[in-house]
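Everything on this sheet refers to the single structure shown next.
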Amino acid sequence: MAIRTLQILALLLTLLFLGGCAGVQQSIHDAAISYETSAAGLEPQTLDFDYGQIQILRTPELARDRPTLVLVHGFGANKENWLKLGQELEGEYNLVAPDLPGHGDSVQKPDLSYRIRDQAQRVMQLMARLGIDNAHLAGNSMGGAIVAVAAAEYPGRVTSLTLLNSAGIHAHPSKLDKQLARGKNPLILDDPSDYDDLVAFAMNEPPFVPWPISSVMAREAYDNRDINRKIFRDMEAGREQDFRSTLTRIQAPTLVLWGSDDRIIDAANAPLVAKAIADSRLEIIDGIAHLPMIEAPAKTAELMRALISKASEPPVQQAEAN
């Protein structure tokens, strides 16, 4: 995989001299995303729902003899956040990664509700549309809260749950919480030039992204500032005062995974999330921040494999293992 990555980067760097044109930058960005998507064994699909169109990445054929893993991104993010992890897991699972409503290439309507419970219901609708009766769910940040609600509300459809730096419990304020209290939200760009600061805030050592690609990402994040403000307001308005009560209703075996240096949702909240879920395992990865699937995809994949393997065992084997 390293050789493939170097090859694509070499190709992109040879095109850098063309990068002054926004159209060329977009083409380079799209080619890189297409390459990474293919390397993860995924393909895009567009689906129509009553509230609008949803764009997803998915394994082309959902094989019955493979577990299905549904991956839900966080606030202001998109389905491509899962590509590095997808490359680690390629061929092992049926993978489905949607752009949530309001994000990426999916519908963006200012009059649509983006509350956590509404988004959780839409994830379940997506599974039904794809003919997925039950699946392993994983979510990062806001996506973690979404899949946690889904697991609590639809226990028979969730085989296991992975919460990566999940939103929901904020008993220990993070650097983001403190900035929000001062009226500043670094997750919403006031200018495209703020994009590098946003990336540095979310990750300790972000992966190298060539300038033509990062410039497109910066422009997209800035262009989405209005819908992101709406989504953030909906999240805050719908935030449950005691999210622990939702977590206590989760029956699925759960991996609570966190980066030790998270500045968005402080890692001190991770034990509180794990304690609220009866069948949970807590893992803290040192030296990373808010996005384990990007910052430490191999380690994240290793931990998720162990969880899915345990959850897939017959009950008798699970009892013997315990």
Side-chain angles (χ1 to χ4, degrees), residues 1-40 42-44 55 57 71 73-88 97 99 102-106 108 140-141 165 175-176 179 184-229 259 261-264 287-298 300:
M1 187 167 66
I3 293 175
R4 290 203 304 264
T5 301
L6 288 173
Q7 288 173 336
I8 191 66
L9 289 178
L11 173 62
L12 294 171
L13 290 172
T14 61
L15 297 174
L16 270 175
F17 73 96
L18 296 173
C21 171
V24 173
Q25 292 173 7
Q26 187 68 54
S27 295
I28 295 173
H29 168 275
D30 294 348
I33 293 299
S34 178
Y35 172 83
E36 295 291 344
T37 299
S38 177
L42 303 175
E43 67 179 20
Q55 183 83 14
L57 295 177
L71 305 163
H73 63 74
F75 170 77
N78 55 44
K79 59 191 180 301
E80 283 77 27
N81 274 30
W82 299 104
L83 288 176
K84 291 299 181 187
L85 180 66
Q87 290 166 15
E88 295 287 340
D99 275 335
H103 297 77
D105 298 316
S106 289
Q108 296 186 5
N140 172 239
S141 194
N165 298 61
K175 290 185 178 179
L176 172 64
Q179 291 199 36
K184 170 70 174 175
N185 189 344
L187 305 183
I188 299 176
L189 298 190
D190 293 322
D191 188 273
S193 63
D194 296 331
Y195 182 73
D196 288 344
D197 291 337
L198 168 60
V199 172
F201 190 69
M203 293 183 277
N204 275 0
E205 294 187 16
F208 170 72
V209 178
W211 168 72
I213 300 173
S214 64
S215 66
V216 172
M217 293 176 172
R219 187 167 63 247
E220 290 177 346
Y222 175 70
D223 290 344
N224 289 334
R225 63 194 181 281
D226 289 336
I227 193 67
N228 282 344
R229 290 190 183 102
D261 301 336
D262 194 350
R263 292 170 284 276
I264 294 176
I288 68 168
H290 191 61
L291 299 166
M293 67 283 195
I294 297 176
E295 297 179 82
T300 300

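What you see below is based on every heavy atom in this structure, not just the backbone, and it leaves out hydrogens, waters and symmetry mates. Along the sequence shown, residues carry numbers from 1. Remember, it's a predicted structure, so these values are computed and weren't measured experimentally.
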| field | Full working for side chain to side chain donor-acceptor pair (under 3.5 Å) between His103 and Asn78 | value | CA-CA 6 Å; His103 297 77; Asn78 55 44; over 6 Å; no

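Annotation: the span from Asp194 atom CG to Ile188 atom CD1 amounts to 12.0 Å, rounded to 0.5 Å.
Under the 4.5 Å side-chain criterion, counting only non-hydrogen atoms from C-beta, Ile264 is not in contact with Asn165. Counting heavy atoms from C-beta on, the side chains of Leu291 and Asn140 come closer than 4.5 Å.
Between Gly287 and Asn204, the shortest heavy-atom distance links the atoms O-ND2, 2.8 Å. For Ala32 against Ile213, the heavy-atom pair with the smallest separation is CB-CD1, 3.5 Å. Shown here for Glu295 and Ala202, the closest heavy-atom pair between the two residues is OE2-O, 3.9 Å. Minimum heavy-atom separation, Gln108 to Gly104: NE2-O, 3.5 Å. Taking both residues in full, the closest heavy atoms of Gln55 and Ser106 are given as N-OG, 3.0 Å, listed atom of the first, atom of the second, then distance. When all heavy atoms are compared, the tightest approach of Ala221 to Leu189 is CB-CD1, 3.6 Å.
Judged by distance alone, the side chain of Gln26 and the main-chain N or O of Val216 form no donor-acceptor pair under 3.5 Å. Looking at Arg263, its side chain does come within 3.5 Å of a backbone N or O of Ala200 through a donor-acceptor pair. Between the side chain of Asp99 and the backbone N or O of Asp105, at least one donor-acceptor pair lies under 3.5 Å.
A cation-pi arrangement is not found for Arg219 relative to Tyr222, the charged atom failing to lie both closer than 6.0 Å to the ring centre and inside a 45° cone about the ring normal.
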